[in-house]
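All remarks here apply to the structure that follows.
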Protein chains: 2
Amino acid sequence: MTAPLSATGRVILGMIARGKRSGYEIKQLVDRSTRYFWAASYGQIYPELRRLEEAGLVRGRSDPSGARAKMAYELTEEGAAALRDWLTDATGLTYELRDEAMLKLFFSDLEPGTALETVGAMRTLHEAKREQLRAIRAAAPEMPAGPALTLELGLGLTSWLVDWCRATEERLARESHVKVEV
Amino acid sequence: MTAPLSATGRVILGMIARGKRSGYEIKQLVDRSTRYFWAASYGQIYPELRRLEEAGLVRGRSDPSGARAKMAYELTEEGAAALRDWLTDATGLTYELRDEAMLKLFFSDLEPGTALETVGAMRTLHEAKREQLRAIRAAAPEMPAGPALTLELGLGLTSWLVDWCRATEERLARESHVKVEV
DNA sequence: AGGTGCATGTAACAGGTTACATGATTAA
DNA sequence: TTAATCATGTAACCTGTTACATGCACCT
């Protein structure tokens, strides 16, 4: 029965378990991997590292390169146990989405003609995300099973979204065309 | 050039434009429609309604039913213009996701055997969401074009996710089976 | 000499949730 | 009578972002 992990604490512990040991390195890795479904900023990471240390889940020692300060964190026994507990428990998974494009789409009939443009903007966004994910995959052909799974899921999801947008754009264009013609 | 709309202000203005006029009604409608991609709580709605009124975007008057207090809000000219401006502008669309299931999946290789369970929990969640969306569609066969579009998108998306989870569960089960057998 | 990257950190703010308090109305 | 629903509202809290400050190291 270890203490429950805070939201940001989860990513931090996981990243430290993967071998990344400074706040800076954790941020780098988050930005290249989980950021699409779980972001973290310095403003969260550094204070949280301190809290985790106070709670005894990580242990940090100074590991400077020359005169440049650097902290090297590693998991304690308790930290490894907390990470295991969290990974083993599949209940109460948070899921939060805030998608302004969908909100605009929801209200699109209030301002006729905006639906097509909104879906177009939505497609552009997801296309960009898909390209970024492809670049990540290309840059690291070998990766652990977990990251590989989420990358595959992200790629599939964005691809589905791009296709939906394209199909919907065609349909909306056809409908407005028919309306004009008849 | 009207003032930019705050996050919650967007939903509120849209819902008022759809005819919902009290904070309570707005919350009800949000919970039955946009909540899957854009939530709102009373703690946001009531203060925001006041701010919108101070900014001159909505106008509220008391409209009690008997001795039960009730406020009826409607859009002002400025409010309608702000809503139009927002709907017409397809740039800078916020998109934020926080999906703990995907995060656990990302770290699943740190604790062998958890991937299958995590994907299973993920599927259960999306199946439930899909059922809720189906219930909404069944309860309101006639709906405006905007809500119909987002409902269709939500249903398609959750269905794709459920299918991906199912396929991945099969694959993971097969792989672990092979591992045991060889 | 200057720009980029490594590295740490914080203060101010923004946005949102939860829990609570209050009270009327309606249906069982 | 009592539970559910209608209806408003706030205070405390949590979580997270943005912008800034600081300084070393390395490359050109």
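Below, all heavy atoms of this structure are taken into account, side chains as well, without hydrogens, waters or symmetry copies. Residue numbers start from 1 in every chain, and the chains themselves are labelled A, B, ... in the order their sequence lines are given, proteins ahead of strands.
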Query - 5' precedence on DNA chain D between A:G43 and A:S65 (nearest-nucleotide basis) - result: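 The answer here is A:G43.
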Does [N] have OP1 or OP2 sitting under 4.0 Å from an N or O in the side chain of [X]?
X: B:R35; N: C:dT17; value: no
X: A:R98; N: C:dG16; value: yes
X: A:S22; N: C:dC6; value: no
X: B:R68; N: D:dT5; value: no

Between atom [atom1] in [X] and atom [atom2] in [N], what is the gap in whole Å?
X: A:Y42; N: D:dT22; atom1: OH; atom2: P; value: 18 Å
X: A:K27; N: D:dG16; atom1: NZ; atom2: P; value: 13 Å
X: A:Q28; N: C:dT4; atom1: CD; atom2: P; value: 16 Å
X: B:R21; N: D:dC6; atom1: CZ; atom2: P; value: 17 Å
X: B:Q44; N: D:dC13; atom1: CD; atom2: C1'; value: 14 Å
X: B:R50; N: D:dA11; atom1: CZ; atom2: C1'; value: 14 Å
X: B:E25; N: D:dA7; atom1: CD; atom2: P; value: 6 Å
X: A:D63; N: C:dA7; atom1: CG; atom2: P; value: 10 Å

[X] side chain, from C-beta outward: closest of [options]:
X: B:Y24; options: D:dT8, D:dT18, C:dA7; value: D:dT8
X: B:A39; options: D:dA7, C:dT17, C:dT8; value: C:dT17
X: A:A67; options: D:dC24, D:dA7, D:dG16; value: D:dC24
X: A:Y46; options: D:dC6, D:dT10, C:dG9; value: C:dG9

Query raised in the report: Does the side chain of B:E111 pick up a donor-acceptor pair with the side chain of A:T88 at under 3.5 Å?
Result: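 Distance-only check fails for B:E111 and A:T88.
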Query raised in the report: When hydrophobic residues are tied together by side-chain contacts of less than 4.5 Å, even through go-betweens, does A:F106 share a cluster with A:L125?
Result: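 Result: no, two separate clusters.
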Query raised in the report: Would you call A:E152-A:R137 a salt bridge at under 4.0 Å N-O?
Result: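 Salt bridge flag = no for A:R137 with A:E152.
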**Report entry** Salt bridge present between B:R123 and B:D163 (N-O < 4.0 angstrom)
**Finding:**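 Answer for the salt bridge query: no.
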Contact class for [X] (heavy atom, under 4.0 Å): base, sugar-phosphate, or nothing?
X: B:G23; result: sugar-phosphate
X: B:T8; result: sugar-phosphate
X: A:S6; result: nothing

Requested in this report: Walk me through it: do B:T8 and B:Q44 pass the test side chain to side chain donor-acceptor pair (under 3.5 Å)?
Outcome: CA-CA 7 Å; B:T8 311; B:Q44 274 300 111; 3.0 Å; yes
